[in-house]
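Note that the numbering runs from 1 along the sequence shown for the chain.
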Amino acid sequence: MEVGNRTLLTEFILVGISADPRWQLILFAIFLMLYLLTLSGNMSLVILIRIDSKLHTPMYFFIGSLSLLDFWYTFVYTPKLLANCISDDRRISLAGCGGSFFFSATVAYTECYLLAAMSYDRHAAICKPLLYSGTMSASVCTGLVAGSYAGGFLNAIAHTANTFRLSFCGRNVIDHFLCDVLPLVKMSCTDTQVYVIILSTIVGFTVLSCLLAILISYLNILLAILRIRSASGRRKAFSTCASHLVSVMLFYGSLLSEYARPSSSYSLERDKVAALLTPSSTLC
């Protein structure tokens, strides 16, 4: 298909982590091992939470939900990454690129909301322990997780539609292991001014509102912990937040390092590493 003298792209070539053939088998072995460990670790955690009645609490319900999300994200991009390590055919169609983009965006947005919901759970547990069982009932927990997925799904639809209304032309090589925003925008032969405004609004509102909810929750948690008289009590209260804090730092640290910086400091290699870390590790 042509527009003027420019041929629009209908497929892309994903370079992957490295274009050096000497690294392909090594990278394949490393990522296959990490892939299997991640899948088995997350599914083992979900099954353990499911079968152990002692873990049927709101905190572990959210941890299990986060594990499923991490499982989904890994399943979205890792098979293609592994295939590119051992295959000379690294093509991906425009529809395939849009599909992987949509699922990746769904997971990322859902995790934003889910981490905010988990901070609310920790706030309720530490700041109002006597009311905790009533505040975080099974229906409330289910509603928060369902709402996180619904919000992620709707944001991903808007994000994907906004991105793939652009026309792409020129060189069809994406120096990445997935279809990401920045490489695609660089290929666009359409004016991206409106695109950037819409994208910044969607991403900015979601990330900032979720971060604000997390910060407010942890400010109240910190004040509640400081009011605890015993050192052992303070350590116990803080330990219940440790895994969530690690997830928040991994997720938002990689997300902000990838997108919240001047375009002049753009680095493909750093962005590939950040993309690998974007789903928070629930095994920490």
Side-chain angles (χ1 to χ4, degrees), residues 1-4 6-19 24 27-28 31-32 35 69-112 149 152-200 202-203 206 254-255 258-259 263 266-279:
M1 181 177 178
E2 295 186 359
V3 176
R6 298 172 298 183
T7 301
L8 298 184
L9 300 176
T10 58
E11 67 176 17
F12 305 99
I13 297 174
L14 294 174
V15 172
I17 296 294
S18 173
Q24 298 306 312
L27 289 172
F28 176 81
F31 284 113
L32 178 60
Y35 179 54
L69 202 60
D70 195 24
F71 176 91
W72 182 12
Y73 185 85
T74 306
F75 191 75
V76 167
Y77 74 82
T78 308
K80 183 64 176 177
L81 173 62
L82 291 172
N84 285 345
C85 288
I86 57 175
S87 173
D88 293 329
D89 185 5
R90 302 183 178 185
R91 293 175 298 174
I92 184 171
S93 66
L94 182 63
C97 186
S100 65
F101 185 95
F102 169 75
F103 286 116
S104 296
T106 300
V107 173
Y109 281 114
T110 301
E111 186 154 350
C112 280
Y149 273 94
F153 183 75
L154 292 174
N155 275 314
I157 290 176
H159 193 148
T160 306
N162 186 40
T163 299
F164 285 87
R165 70 174 178 78
L166 301 174
S167 298
F168 305 103
C169 56
R171 194 162 177 261
N172 69 336
V173 177
I174 298 178
D175 192 2
H176 212 300
F177 59 85
L178 50 78
C179 293
D180 200 15
V181 171
L182 298 177
L184 287 172
V185 170
K186 293 182 70 174
M187 289 184 182
S188 174
C189 47
T190 309
D191 182 16
T192 59
Q193 185 175 358
V194 175
Y195 168 80
V196 170
I197 293 173
I198 296 174
L199 180 66
S200 300
I202 296 172
V203 175
T206 301
S254 59
L255 194 68
E258 189 172 358
Y259 297 109
S263 58
Y266 177 70
S267 169
L268 273 172
E269 297 305 319
R270 184 169 61 185
D271 283 356
K272 289 179 185 180
V273 175
L276 287 171
L277 294 175
T278 297

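Residues passing the side-chain hydrogen bond (donor to acceptor under 3.5 Å, both in side chains) test with Thr110, sequence neighbours excluded: none. Remark: Arg165 pairs with no residue by the salt bridge (charged side-chain N to carboxylate O under 4.0 Å, His left out) rule, at least two apart or across chains.
The main-chain N or O of Ser167 is found under 3.5 Å from a side-chain atom of Thr190 such that the two form a donor-acceptor pair. Asp180 places no side-chain N or O within 3.5 Å of a backbone atom of Leu182 that could act as its donor or acceptor partner. Between the side chain of Asn162 and the main chain of Tyr195, a donor-acceptor pair closer than 3.5 Å is present.
Between Met187 and Ile174 there is a side-chain heavy-atom pair separated by less than 4.5 Å. With a 4.5 Å cut-off on side-chain heavy atoms, Leu184 and Leu166 do not count as touching. The closest side-chain heavy-atom distance from Trp72 to Thr106 is below 4.5 Å. The shortest side-chain heavy-atom distance between Tyr73 and Ser104 falls under the 4.5 Å cut-off.
The CZ atom of Phe102 lies 4.5 Å from the CZ atom of Phe153; values are rounded to the nearest 0.5 Å. To the nearest 0.5 Å, atoms OG1 (Thr192) and CG (Leu199) are separated by 10.5 Å. Here the straight-line distance linking atom CZ of Phe28 with atom CG of Leu82 works out to 5.5 Å at 0.5 Å rounding. Summarising the geometry, atom CD1 belonging to Ile157 is positioned 11.0 Å from atom CD1 belonging to Ile202; distances are rounded to the nearest 0.5 Å. Taking CG of Leu154 as the reference point, atom OG1 of Thr206 lies at 10.5 Å (rounded to 0.5 Å). Rounded to the nearest 0.5 angstrom, Asn172 CG and Cys169 SG are separated by 11.5 Å.
Here the closest non-hydrogen pair linking Cys179 and Phe101 is O-CD1, 3.2 Å. Between Tyr35 and Pro79, the shortest heavy-atom distance links the atoms OH-CG, 3.8 Å.
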With side-chain contact (heavy atoms from CB on, under 4.5 Å) as the criterion, how do Val203 and His159 come out once you've worked through the C-alpha distance, each side chain's angles and the decisive distance to 0.1 Å?
CA-CA 9 Å; Val203 175; His159 193 148; 4.1 Å; yes
Apply side-chain contact (heavy atoms from CB on, under 4.5 Å) to Arg90 and Phe12, showing your working.
CA-CA 8 Å; Arg90 302 183 178 185; Phe12 305 99; over 6 Å; no
Which atom pairs, donor and acceptor, lie under 3.5 Å between side-chain atoms of residues 92-99 and protein residues at least two apart or in another chain?
{"unit_1": "Ser93", "atom_1": "OG", "unit_2": "Gly96", "atom_2": "N", "d": "2.9"}

